[in-house]
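First up is the structure itself, then whatever we jot down about it.
Nothing fancy with the numbering, it's 1 onward along the sequence. The basis for the numbers below is simple: all heavy atoms, side chains too, and nothing from hydrogens, waters or symmetry mates. From a predicted model like this one, the values you see are computed outputs, not experimental measurements.
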Amino acid sequence: MKAALFKEFNKPLVISSIPRPEPGQGEAIISVKASGICRSDWHGWKGHDPDIKELPHVPGHEFTGIVAKIGRGVKKWTSGDRITAPFVNACGNCPECRSGNQQICDNQSQPGFTHWGSFAEFVRIRHADTNLVQLPDELDFITAASLGCRFSTAYRALKYQGKVEHGQWVAIHGCGGVGLSAIMIARALGAKVIAVDINQKALKLAIALGADSTLNGLTNKNIVANIRSMTRRGVHVSVDSLGSLETCRNSIQCLRKGGRHVQIGLMAGADYQPSIPMEKVIAEELHIVGSHGFQAAHFSELLDLAMSEKIDLKMLIGKKISLEQVPSELENMDRFNSQGITIINRF
């Protein structure tokens with residue numbers, strides 16, 4: 001099969017012919033029809049993710065496709081089924097899985113990190129009966145590819161971790177794929193949204209997706225003061241969807257008393273261990289929480305929202321590219337010059 005892979009961290013990806021995977025016990029092989037390119041893939045390529053232990057490596061974790069082959073013991077799926085999956089593949093048996101928290105499974109696997117991913121014609125999914133999700137016929141592969149990582153993570157971040165309520169103020173720091181998803185979801189939950197980014201085109205898209213106000217970090221040197229002024233007391237919920245020292249700090253500082261900061265963006269490299277203003281957290285009883293994906297068992301909530309009139313997922317799709325375009329697209333991701341989610345749809 002054809003795949004985009006890297007042989008060394010931070011070195012150019014290449015398009016190669018590699019062996020097609022075969023399913024083991026409980027596994028399924030998926031014929032990939034669409035795959036998103038995510039900043040997490042960029043982090044993996046840069047060498048920031050400890051789960052990537054062997055090279056060469058095929059990234060990609062945000063996909064849709066068709067079941068091509070199943071292994072022994074798979075009961076729920078047959079060849080030809082239209083599917084997607086969350087990026088956290090759960091084991092289904094550990095204490096976290098049994099408690100309903102498959103997104104933080106003790107024995108989780110992640111395509112594109114723990115094993116080869118979906119920047120390829122086929123991808124292997126472990127514990128298929130636990131992790132695969134049936135796609136409705138009404139939802140096309142390209143649109144649905146936005147659900148598996150960024151949209152699902154933003155959904156859990158706002159609804160379950162941030163506990164956003166109707167009428168509350170929400171700040172989204174970073175308007176990439178996950179930040180734009182968060183804006184749409186916050187609006188669907190009835191919140192008032194302030195979007196922050198350094199890319200004016202991304203901020204323009206944020207307004208189109210439902211943000212009430214925007215702030216450009218390049219031209220506005222006091223994001224926190226401006227957010228607090230706009231909301232009078234600060235926001236109820238603030239999300240760092242980028243993952244940097246500045247966005248994390250701003251997100252916490254712009255909260256009102258009793259507010260909730262949700263960290264979605266991965267902190268890596270020099271930003272790996274950010275300094276938290278703990279005196280403010282204590283004095284103002286702030287809540288600091290993380291958000292790590294979404295359970296396959298609850299994906300029906302996402303699918304219902306995706307097909308409702310409250311959300312138009314097609315607006316999230318920035319551009320569609322071929323597998324041959326992946327190397328340059330991934331390598332240039334740190335320039336933050338694209339808008340929306342880039343989807344591979346030609347393999």
For [X], look at atom [atom1] and say whether over 12 heavy atoms of other residues, nucleotides or ligands are found less than 6.0 Å away.
| X | atom1 | result |
| --- | --- | --- |
| R233 | CZ | no |
| K280 | NZ | yes |
| E279 | CD | yes |

Hydrophobic cluster mates of [X], side-chain heavy atoms under 4.5 angstrom, ILVMFWY only, any path?
| X | answer |
| --- | --- |
| Y272 | none |
| I104 | none |
| M278 | W169, I194, V196, L215, I223, I227, M230, V235, I252, L255, I276, V281, I282, L286, I288 |

Side chains of [Y] and [X]: any donor to acceptor distance under 3.5 Å?
| X | Y | result |
| --- | --- | --- |
| S328 | E331 | no |
| S238 | H173 | yes |
| S109 | T114 | no |
| Q110 | Q108 | yes |

Pairs where [range] contributes a residue and the test side chain to side chain donor-acceptor pair (under 3.5 Å) is met, not counting sequence neighbours:
| range | answer |
| --- | --- |
| residues 45-59 | N10-K46, H43-H48 |
| residues 142-154 | E62-R150, D140-T143 |
| residues 14-24 | E22-K69 |
| residues 222-231 | N220-N226 |

Side-chain ion pair, D212 and R187, N-O less than 4.0 Å: yes
Whether E324 and K2 form a salt bridge (side-chain N of Lys/Arg under 4.0 Å from carboxylate O of Asp/Glu) is what I want to check. yes
Can you tell if the side chain of [X] reaches within under 4.5 Å of the side chain of [Y], non-hydrogen atoms only?
| X | Y | value |
| --- | --- | --- |
| H166 | L189 | no |
| S181 | L316 | yes |
| P23 | R124 | no |

With sequence neighbours left out, write down each residue that passes side-chain hydrogen bond (donor to acceptor under 3.5 Å, both in side chains) with N89, or none if nothing qualifies. none
Can you pull out every ring pair (Phe, Tyr, Trp, His ring centres under 6.0 Å) where at least one residue sits in residues 183-208? Sequence neighbours excluded, please. none
According to ring pair (Phe, Tyr, Trp, His ring centres under 6.0 Å), does anything in residues 276-301 pair up with another residue at least two apart or in another chain? List the pairs. F87-H292, Y155-F294
Co-membership, hydrophobic cluster, residues W116 and F119, 4.5 Å side-chain: yes
Enumerate the residue pairs fulfilling salt bridge (Lys or Arg N to Asp or Glu O under 4.0 Å) with a member in residues 294-309, sequence neighbours excluded, ordered by first and then second residue. K159-E301
The criterion is side-chain contact (heavy atoms from CB on, under 4.5 Å); which residues satisfy it with Q263, sequence neighbours excluded? D240, C248, H261, M267
